[in-house]
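Notes follow the structure.
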Amino acid sequence: MNKQATAIALFSGGLDSILACRVVAGQGIRVKALKFVTPFFDYGLLAREAQYRKKIREKYDIDVEIRDITDLYLQMLHDPPHGFGKHFNPCIDCKILMLTEAKKLLDAYHASFIITGEVVGQRPMSQRKDTLRVIERDSGTDSLLLRPLCAKCQKPTAAELAGVIDREKLPYCSGRGRAMQIELAAAFGITDYPNPAGGCVLTDLNLAKRIKKLYRQKDQVNRDNIRFLLVGRQFRLPHGGWLAIGRSQEENDAILRLCQPGDLVLKLNDRPGPTALLRHSRHPADVSLSAALVVRYGRKIPGGPLAAEVKMTQDQTDTFLRSTPLPDEQLAGITII
Ligand code: SF4
């Protein structure tokens, strides 16, 4: 029987989580890294999981798997018991949720403990010493949770007490400085790693505002609406329509990927411009307003006509509408979020 111990790692993809995996693997432990995703962070990886897993294995020698926790996360975000950070980021409850999920998977992976790349004092809200304790307590991972980068300044966990992990060989990282992590990375031959600034939209001032606003209408909170809300310029139209307009090719492509049966896709027919998606309304006033907005944000032809033809596609059926750009004074009547 294979007696090699196994640990589950919470893997953000940042340097600290990479190092936590490598430090523990360096002690002969099999590490199964889990990357949790929601529409607020790393959701795009779901569509290219195999590619991502291959990249992480080749770059860092880490076996990672992606887990979608959207449903639980959306629920938690209605009322996170530990509140929010600067924007709409419930960092403490986010960690608690991920650890709770990781704990449920221990048996499935034959794992005996969980690791994270957290470092005491590194982040103001979620990595204070007292907060780390709260996270362990409320996720029920107390002695199961080893934070290998800063374990030396915490009480020994079950893995250390059982001799599965040699506490003495663990590094000592603390505070906001990154010198120790950079040194460790170099020792592992890791030179290419992402910046610490995360990609969580809940910490983004503008996107967080949008999400917060949606959460005021509890019945509107669902995966599709959240994904829609996070792309492009957003408008709420007078008859209930939601309009998203791309601001770049990347956003135009993202908008098209979000299209569902019944949605109306709008594009300029006779010159370059954005892709837009109208959802939740087919009211003629919302449709013509959407067309006018698409023309407004489309490319202007110097000396050419301001009006343009807008191609509107719903369930593979095209219709066309000629529209002038929406004038500034009419923008005021539309909610822009
Ligand atoms: S920044 Fe976002 S992903 Fe990171 S802990 Fe906070 S809520 Fe979670």
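For ligands, and for the atoms within them, numbers begin at 1 and follow the listed sequence. Everything quoted here is computed from the prediction, not taken from an experiment.
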> Any non-hydrogen atom of Phe88 lying under 4.0 Å from ligand 1?
Replying inline: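 It does not; every heavy atom stays at 4.0 Å or beyond.
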> Which pairs with one or both residues in residues 257-266 pass side chain to side chain donor-acceptor pair (under 3.5 Å), sequence neighbours excluded?
Replying inline: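 For residues 257-266: Asp224-Gln260, Asp263-Arg279.
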> For the residue pair Phe41 and Tyr73, is the inter-centroid distance of their aromatic rings smaller than 6.0 Å?
Replying inline: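 Yes, the ring centres sit under 6.0 Å apart.
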> Can we call the ring centroids of Phe88 and Phe40 under 6.0 Å apart?
Replying inline: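 Phe88 vs Phe40: aromatic centres not under 6.0 Å.
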Can you sort out which atoms of ligand 1 are near [X], meaning under 4.0 Å from one of its heavy atoms?
{"X": "Phe41", "value": "3 (S)"}
{"X": "Pro90", "value": "7 (S)"}
{"X": "Tyr73", "value": "7 (S), 8 (Fe)"}
{"X": "Thr203", "value": "1 (S)"}

>> Under 4.0 Å, heavy-atom basis, I'd like to know which part of Phe36 is in contact with ligand 1: side chain, backbone, both or neither.
In response: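 It is neither part, as no heavy atom is under 4.0 Å.
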>> What I want to check is whether the side chains of His280 and Asp286 have a donor and an acceptor closer together than 3.5 Å.
In response: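 Distance-only check fails for His280 and Asp286.
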>> Testing the 3.5 Å rule here: is there a donor-acceptor pair between the side chains of Glu251 and Ser248?
In response: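 Their side chains do not contain a donor-acceptor pair, so the 3.5 Å distance test is not met.
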> With a cut-off of 2.8 Å, does Cys94 place any N/O/S atom under that distance from atom 8 (Fe) of ligand 1?
Replying inline: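 True for Cys94.
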> Should we count NZ of Lys169 as having more than 12 external heavy atoms under 6.0 Å?
Replying inline: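 Atom NZ in Lys169 is not crowded, with 12 or fewer foreign heavy atoms closer than 6.0 Å.
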